[in-house]
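Worksheet for the structure shown next.
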2 protein chains.
Amino acid sequence: MSKSSKNQSVSNGEDTNKRLDDAARAGWLYYVAGKRQDEIAQIMGVSRQSAQRLVSLAMSSGIIKVRVDHPIARCQQLGQQLRDEFGLKYVEIVPDDPLSNSTTTGVANAAANELENRLKREDPQIIAIGTGQTLKATIDLLPNMNCPQHKIISLAGNLMPDGAATFYSVIFAVADKIKALSYPMVLPVLASSREERILLHAQSTIQSTLKLAQQANIAFVGIGDLGAEAPIYRDGFVSHKDLKILQKAGAVAEICGWVFDQSGILIDGLTNDLVASGPLPSPKSCLIIALAKGKKKLPGVSAAIKGNLINGLITDETMAIALLKNI
Amino acid sequence: MSKSSKNQSVSNGEDTNKRLDDAARAGWLYYVAGKRQDEIAQIMGVSRQSAQRLVSLAMSSGIIKVRVDHPIARCQQLGQQLRDEFGLKYVEIVPDDPLSNSTTTGVANAAANELENRLKREDPQIIAIGTGQTLKATIDLLPNMNCPQHKIISLAGNLMPDGAATFYSVIFAVADKIKALSYPMVLPVLASSREERILLHAQSTIQSTLKLAQQANIAFVGIGDLGAEAPIYRDGFVSHKDLKILQKAGAVAEICGWVFDQSGILIDGLTNDLVASGPLPSPKSCLIIALAKGKKKLPGVSAAIKGNLINGLITDETMAIALLKNI
DNA sequence: TATGCGATTGGGCAATTATCCAGTCGAAGG
DNA sequence: CCTTCGACTGGATAATTGCCCAATCGCATA
């Protein structure tokens, strides 16, 4: 396993490996063995500052994974209430973080945890993945694994309107990390016309990916709001004009590009006619977990639950409380 | 972040829960959300010192679990060499810790990790557990889980010679933590005579436990040295005189009370005639992982491998290197 | 060989965290 | 009602960690 890998770059490769190796060792000594940084420096024969840098690198490069193994009562209770109230199959609530406005911390960790659990299963799983910031953060938190028995399916198109492959990395990163078969959707998020969509979907590779997506056991999706800063607008998938039209039509959010109203009903006739993603998996056969944090997503989450678009949720306390208040 | 933390009063349950809950939240904010302790203090409405205490409690009480997700090259390589050289099925090497003489750090973590992986499986596992300090530390590191599908079998007697239940806690603690069926061996480690052993083993509950132990899929055992500070002597299971006799007879170590010589061959006729533990599971059907760290255990580990008593090993770099040198 | 450039290093110091300690609170008991 | 005891608190302070910066190193290029 640890053979000297073919050097990819003259200056990097070997060197970077060595450094990460040292970082891992330093991180181990610090977090597992409980050494102080100056002790680590002594053990590893470097200066204290270098030891500090290694420990810090270990943490920031994700070598060190931390999890909290305690049912935080309030979160547990909120989760149970949500399950009961809305008939959700899976709910995970993470603690609030009032001083931060990150929309991923915590939620991404919890999602990575659940995803990892799935991946540890021996029976082959078909795992569908949407796109978005939170999903990206989730994958970043995933450890390296070896799971050739599973299949990872991209649920949404991965291309930017100009053909660039920005979000590509989500599905590729995950496949790379866990050594599973991956099925990306090499498509734009929205086709430029109904005809194009038909053409795109006629491709045999896309056909089989779409088919697999319908058989997914579990799906992780983000929920995009449709406010002024809507991700699909900000990322250039829909024009400002189209965004306004969607808002007028009562659209509150989207999942994998599928736009829906406050009752969770897909809005026909507008951008939904162009969405290149396949239909969302059926909540009857698939656990569809939405990752959502932040006030802006409340209407979307609420609607997605009402419309039975999702049957699982990972969010934070504030959202949980708001959902329960809205009943 | 090493010393202190001993306040484990047996007082008010409700109160302790609340405190642990707060600790979990503080730990989450600190390690997952990356807040500073004064921010946590502000968020949770306590003084900075109290926040510090909560974070510290979260860590020392094991609510916070840390793992290193990186193949440390040197350890990987040593592990592979050991697998190849001795035909072991499972080897895990943890980094050295030259400044500490703990015999559990690292090894216990790695064992807890492997055990946890097993427990996450859905197909029912029969998991056998020996006794000893390292096993105890391993269980302490295990998170709470819910695995009613598995069975946990105690491999060795759990009673002190005077009937006290000192090591009881290992098997009970594990069963409690993971909600699995547990089969303790309510026996002394050594019977006082051959006749007593027959009597003890005739009990139907013991019978079924012994039978289950033979069907184990995986076993975690410690290796006890038989030097002047031999655990089975120190803990009062054998007298000083018997220890001397065993040493004279060429005994180098014991697993679950079964004493063997430097070739890993069980020594007949002495204390082995009194061992209340059932026979060790067969390495043909069971993955028997020994947990061993520390120079004193080298002869024992080497012998156990030679005699095919074990087919798995979790140890540290020093031991690994020493084993490879001994070939 | 000299030179430029980016990465790395360790000193110095600020920020953060850990611990000491005396005072307070509350429960248990006289 | 008072005392004792143990746990908890916050102020003060020590210990540890994080970061800036100038010096240096490694290396590719002129």
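Each chain gets a letter, A, B and so on, in the order the sequences are listed, and its residues count up from 1.
Going from atom CG of A/N109 over to atom CG of A/N113 covers 8.5 Å, rounded to the nearest 0.5 Å.
Distance, B/I40 CD1 to C/dT17 P: 8 Å, rounded to whole Å. Regarding A/L57, its CG atom lies at a distance of 14 Å from the C1' atom of C/dA7, rounded to whole Å. Remark: C1' of C/dT9 and CE of A/M44 are 15 Å apart, rounded to the nearest angstrom. Between the C1' atom of C/dA18 and the CG atom of B/D38 lies a distance of 14 Å, rounded to the nearest Å.
With B/K297 contributing its side chain and B/L291 its backbone, the two residues share no donor-acceptor pair below 3.5 Å. Without hydrogens or angle criteria, A/K293 side chain to A/T318 main chain gives no donor-acceptor distance under 3.5 Å. Remark: side-chain polar atoms of A/S61 are paired, donor with acceptor, to backbone N or O of A/L57 under 3.5 angstrom.
What you find for B/A23 and B/A58 is that their closest heavy atoms are O-CB, 3.3 Å.
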Pull out every protein N or O sitting under 3.5 Å from an N or O of nucleotides 18-22 of chain D, one pair per line with the distance.
{"unit_1": "D/dG18", "atom_1": "OP2", "unit_2": "A/Q37", "atom_2": "NE2", "d": "2.7"}
{"unit_1": "D/dG18", "atom_1": "OP2", "unit_2": "A/Q52", "atom_2": "NE2", "d": "2.9"}
{"unit_1": "D/dG18", "atom_1": "O5'", "unit_2": "A/Q52", "atom_2": "NE2", "d": "3.3"}
{"unit_1": "D/dG18", "atom_1": "O6", "unit_2": "A/R48", "atom_2": "NH2", "d": "2.8"}

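No salt bridge links B/R67 with B/E116; every basic N to acidic carboxylate O contact stays at or beyond 4.0 Å.
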